[in-house]
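The structure under discussion appears below in the form of structure tokens.
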Amino acid sequence: MTSIISQSRLYDPSSLEYKKARRQHVKTTRNRAHDVDENWTPFRTAEKKYKARFPPPDLSAVVDLSSLASGAGEAHQVRCISTKEAAQSELSGTADIFTLPAVPGLVLLPSFVSPEDQRRLVRWSLRNHARHPNETNLDAHYVLPPEGIWNAHLQSRAECTRGAIVRTKVSVDNEPLPRISSPGPRQLISNDAASADNFHSMQTLPKIPPDPSTTVSDCLPSELIPKLRWANIGWSYHWGSKQYDFSKGKGDVDPRVRDLCKSAVGSVPWEEVYGHDHLEGWGGDDWRMWQDTYEPDAGIVNFYQTKDTLMAHVDRSEVCATSPLVSISLGNAAIFLIGGLTRDTEPTPILLRSGDVVIMSGPACRRAYHGVPRILENTLPEHFSQAPDHDGDDEGGMEDWELYRDYMQTTRININVRQVFPKGFDPGT
Ligand SMILES: O=C(O)CCC(=O)C(=O)O
Ligand SMILES: [Fe+2]
């Protein structure tokens with residue numbers, strides 16, 4: 001934790017960042033009586049605490065996986081369930097594995113992804129994934145180049161041009177729509193939990209596409225890069241209704257991501273996690289079969305800039321409530337909050353670094369409230385200065401990589417992978 005703090009100039013009172021945050025704080029709180037509302041839930045209170053720009057939050061209660069891996073630190077909050085070598089695959093490293101007794105079913109795999117694979121996944125996320133046919137948050141509002149916004153950006157830099165202007169949907173249609181919606185952060189909409197029982201009625205609900213924004217303007221690829229927020233994986237997710245839109249068919253789950261997630265789930269000694277519990281009415285001992293039945297078919301790649309946050313939410317749109325959710329962190333570190341089935345449970349703050357994998361599983365955790373109130377600026381690991389080795393379909397060496405590294409200086413990427421359908425369930429689409 002101390003190393004993360006020393007990297008972050010926000011904690012240094014002589015730094016420009018600290019002074020700027022203080023000025024901003026004085027300006028915004030001048031006319032405000034209190035900054036704490038007694039009616040806030042424990043989750044909201046924690047979010048407010050870690051979001052605060054000034055004074056920067058005290059991180060001493062944050063569970064730091066890297067100090068766990070070296071055997072020090074907050075050992076009382078976590079339980080080590082494996083120090084064995086993780087199952088070897090192309091993508092997985094070796095890792096200690098921890099659980100958090102406060103949130104049964106939460107499994108933490110610090111540094112599960114090797115530095116080389118972290119770099120490859122960053123390149124994959126931007127170059128191969130955030131582009132047609134995968135939907136991104138930008139698609140609703142802009143007519144994106146077919147090669148994807150990132151490749152258009154790379155190309156314009158390689159050619160030393162500004163790149164082709166990206167037109168807005170509204171300017172192309174030439175017919176502004178009356179209702180306004182803005183691009184940017186994910187909107188949180190309450191929804192019912194999906195299940196095999198209500199699946200068919202949910203499937204028939206119309207999934208209205210979002211209105212293109214009338215407030216955005218035509219722009220250059222480089223101007224759109226920091227506005228990239230998410231790119232869909234597998235089954236298409238409809239943000240407006242918080243349900244999957246099965247009518248769009250199922251997109252691919254890249255084998256690199258699938259193998260990494262399967263390797264993470266396969267390396268956990270689940271007997272240690274669930275062996276002593278009775279999970280009646282939830283999935284029985286489903287977990288005994290995850291080696292065979294866990295098959296990711298959906299997800300999202302989240303792109304966070306350092307000021308972005310993800311508010312408390314539950315991921316419950318998947319018909320399969322029992323299959324684990326696997327979350328991979330890349331780039332700058334973040335504070336991840338995970339609580340319980342309501343916002344009234346005090347959440348545990350966890351520091352997620354590049355390469356860490358989190359698995360959310362079981363009745364107390366798979367549908368627990370969680371969120372990301374803070375990305376810690378200036379915490380991009382050193383190993384991002386080096387370009388990844390070529391992995392088959394790659395062209396572009398160090399020169400190209402510098403653009404990735406520049407982007408990652410202010411970015412955290414999270415690959416959040418789910419299983420919508422239990423094995424054998426026929427969606428009949
Ligand atoms: O960024 C993270 O670590 C979590 C993302 C998340 O919760 C989600 O995509 O649903
Ligand atoms: Fe989530």
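Numbers for residues simply follow the sequence, beginning at 1. Both counts, for ligands and for their atoms, begin at 1 and track the order of listing. Model, not experiment: these values are computed from the prediction.
Of all atoms in ligand 1, numbered sequentially from 1 with element shown, those under 4.0 Å from a heavy atom of D315 are 10 (O). Counting the atoms of ligand 1 from 1 in the order shown, those under 4.0 Å from a heavy atom of R412 are 1 (O), 2 (C), 3 (O). Distances below 4.0 Å separate heavy atoms of R418 from the following atoms of ligand 1: 8 (C), 9 (O), 10 (O). Per-residue contacts place I300 under 4.0 angstrom from the following atoms of ligand 1 (heavy atoms of the residue considered): 9 (O). Short contacts between ligand 1 and Y304, defined as distances under 4.0 Å to a heavy atom of the residue, involve ligand atoms 1 (O), 2 (C), 4 (C), 5 (C).
Counting heavy atoms closer than 4.0 Å to ligand 1, residue N302 contributes side-chain atoms (C-beta onward) but none from N, CA, C or O.
For a threshold of 3.5 Å applied to N or O pairs, the pair formed by H313 and ligand 1 contains at least one separation below that value.
Geometry about the Fe ion (ligand 2) gives an angle of 90° between NE2 of H370 and OD2 of D315, rounded in steps of 10 degrees.
Between E295 and the choices K423, R418, R258, K250, the salt bridge (charged side-chain N to carboxylate O under 4.0 Å, His left out) rule is met once, by R258.
Between K307 and E377 there is no salt bridge, since no side-chain nitrogen of the basic residue lies less than 4.0 Å from a carboxylate oxygen of the acidic one. Using a 4.0 Å cut-off between a side-chain N of Lys or Arg and a carboxylate O of Asp or Glu, R366 and E318 qualify as a salt bridge. Ion pairing of K20 with E17 is absent here, as no side-chain N (NZ or NE/NH1/NH2) approaches a carboxylate O to less than 4.0 Å.
Side-chain contact check for I359 versus V268: some heavy-atom pair is nearer than 4.5 Å. Between V326 and V357, some side-chain heavy-atom pair lies under the 4.5 Å cut-off.
Aromatic rings of F421 and F246 (six-membered ring for Trp) have centroids within the 6.0 Å cut-off, being under it.
Nearest-residue assignment for atom 2 (C) of ligand 1 (options L325, I375, N414, L310; heavy-atom criterion): N414.
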